[in-house]
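As the structure is a prediction and not an experimental result, all values here were calculated from the model. The analysis underlying the following values was restricted to heavy atoms, covering all of them including side chains, and did not include hydrogens, waters or symmetry mates.
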Amino acid sequence: MKGLDDRSITNTIKLTRFDVYYRAGLGYKPVSEIKPDQATVQNVRTMVERSLHFLEVCGPKLLDGFAFEGGYTDMVSKGDGDFTTADTLWDFKVSKAKVKKSTPCNSMS
């Protein structure tokens, strides 16, 4: 991936299929059969741009991709996070819902 051009995004979408297979055990689909439409490519581009803007406003990112092996208690045996900033642990999610006006960072618009 070299940027947010269509080809880079399409190839990234193809790569994510391996993650889905590894994590969820869903059936393997040959990469050659993964052909995201233009709406999907644009949705990914928008998601990345929003994420980068979020980090510009609320960052910088200090740590990413970590897990708490062994967990906290007998009931909570494991956990993970996407990244941390100076005072917050973040777990990013995706949604088709419209972005709400309220944000975790006061200065974000």
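- For the residue pair T85 / W90, a side-chain donor-acceptor distance below 3.5 Å is found, with atom types taken as modelled.
- The backbone N or O of L4 sits nowhere less than 3.5 Å from a side-chain atom of S8 that would complete a donor-acceptor pair.
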* Hey, mind stepping through R45 and D5 against salt bridge (charged side-chain N to carboxylate O under 4.0 Å, His left out) and telling me if it holds? -> CA-CA 8 Å; R45 183 177 294 113; D5 58 281; over 6 Å; no
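- Of all heavy-atom pairs between K14 and I34, the closest is CE-O, 3.1 Å.
- Between the side chains of T46 and N43, no donor-acceptor pair of N or O atoms lies under 3.5 Å.
- The closest side-chain heavy-atom distance from Q42 to I9 is not below 4.5 Å.
- How far OG1 of T12 is from NZ of K2: 12.5 Å, rounded to the nearest 0.5 Å.
- Distance check, rounded to the nearest 0.5 Å: CG of D91 to OG1 of T84 gives 12.5 Å.
- Between F83 and F92, the closest heavy-atom pair is CZ-CE1, 3.5 Å.
- Expressed to the nearest 0.5 Å, how far CG of D87 lies from CG of L62 amounts to 9.5 Å.
- The shortest non-hydrogen separation linking K35 to S32 is CE-O, 3.2 Å.
- At a threshold of 4.5 Å between non-hydrogen side-chain atoms, the residues F66 and D82 do not count as touching.
- With respect to K78 and D80, no salt bridge is recorded, no charged nitrogen being found less than 4.0 Å from a carboxylate O.
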